[in-house]
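Worksheet for the structure shown next.
Both ligands and their constituent atoms are indexed starting at 1 by order of listing.
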Amino acid sequence: MDVGRIPKHIAVVMDGNGRWAAARGMPRLYGHNAGMKAMKAIVNHASDLGVGHLTVYAFSTENWKRSADEVSGIFGLIVTYVDRDLAELHRNNVRVSVIGDYGSLPVKAVRSLERTLATTSGNSGMRFNIALNYGGRAELLRAARAVARDCAAGVLDEALLDEEALASRLYTAGAPDPELIIRTGGEKRLSNFLLWQGAYSELVFSDVLWPDFTPKEFEKAIEEYQGRSRRFGGRG
Ligand code: IPE
Ligand code: IPE
Ligand code: MG
């Protein structure tokens, strides 16, 4: 890995917690707990490497289809993580954001998240974006509604609606598009993650289940990205 060519924005689909637990004869939540530990190590490592933005897919708009126990267990773990590790994130100058409709999460989770966002809002280090109750389609619909509203209110002229105007109404407004999207757990799909922002992202798929995804695996994914030829539709 070339430390001089670290992507500015890396996004990660943290998949494989359930299978990791099943392989150990344990309940799914055991895997989600191990996944939180893996996430913590990756956040610290990405920050050390000088990544500007790290966006992780923690809970999708489709994950509500899971059992109520699993869903509430996942939110509980997120609360535990942000509460317990807030001081460390803050010390590392990490600024936490949430993308997705997190306001409709259980009130305890919303409070912890808001505390985290407020505490770290002045930090100038890595932006750590947690995608929670996030879906790319829901995000685009929300932006479309904002556009419609602003056009109706005369704030935006339809003729002036361009990509930048739409992008500025996404949850990720202001962030560069991810150069690299990593998905662990062996599945090769986006599952509704960063549909707009990922238009030209390099996709790196790892068969490693998320709880086993170490900083070394993370560096391997960056190395794979660095070997890619990005053409953006041109001739390169
Ligand atoms: C990813 O792991 C975490 C979430 C989707 C919340 P999974 O829970 O999807 O694990 P697998 O894919 O079933 O192994
Ligand atoms: C994607 O994983 C969502 C997160 C990692 C939060 P899923 O396990 O939900 O995706 P599918 O169902 O395999 O597409
Ligand atoms: Mg999965």
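What you find for Val71 and Asn63 is that their closest heavy atoms are CG2-O, 3.6 Å.
Between the CZ atom of Arg189 and the CZ atom of Phe205 there is a distance of 10.0 Å, given to the nearest 0.5 Å. Here CZ of Arg149 is found 9.5 Å from CZ of Arg169. Values are rounded to the nearest 0.5 Å.
Protein N/O/S atoms found under 2.8 Å from the Mg ion (ligand 3): Asp15 OD1.
Although no hydrogens or angles enter the test, the distance criterion places a donor-acceptor pair under 3.5 Å between the side chain of Asn123 and the main chain of Val94. The backbone N or O of Gly31 lies less than 3.5 Å from no partner atom in the side chain of Arg24, so there is not a single donor-acceptor pair. At least one donor-acceptor pair under 3.5 Å links the side chain of Glu139 to the backbone N or O of Tyr171. For Arg230 (side chain) and Tyr200 (main-chain N/O), a donor-acceptor pair under 3.5 Å exists by modelled atom type. In terms of modelled atom types and a separation under 3.5 Å, the side chain of His9 and the main chain of Glu179 share no donor-acceptor contact.
The distance from ligand 1 to the heavy atoms of His32 drops below 4.0 Å at these ligand atoms: 3 (C), 6 (C), 8 (O).
Residues Asp101 and Ser104 bring a donor and an acceptor atom of their side chains to less than 3.5 Å of each other.
Around ligand 2, the residues contributing at least one heavy atom under 4.0 Å from the ligand are Val13, Met14, Asp15, Tyr57, Ala58, Phe59, Asn63, Arg66, Arg183, Arg189, Ser191.
The residues Glu187 and Arg183 are annotated as not salt-bridged, no charged nitrogen and carboxylate oxygen being separated by less than 4.0 angstrom.
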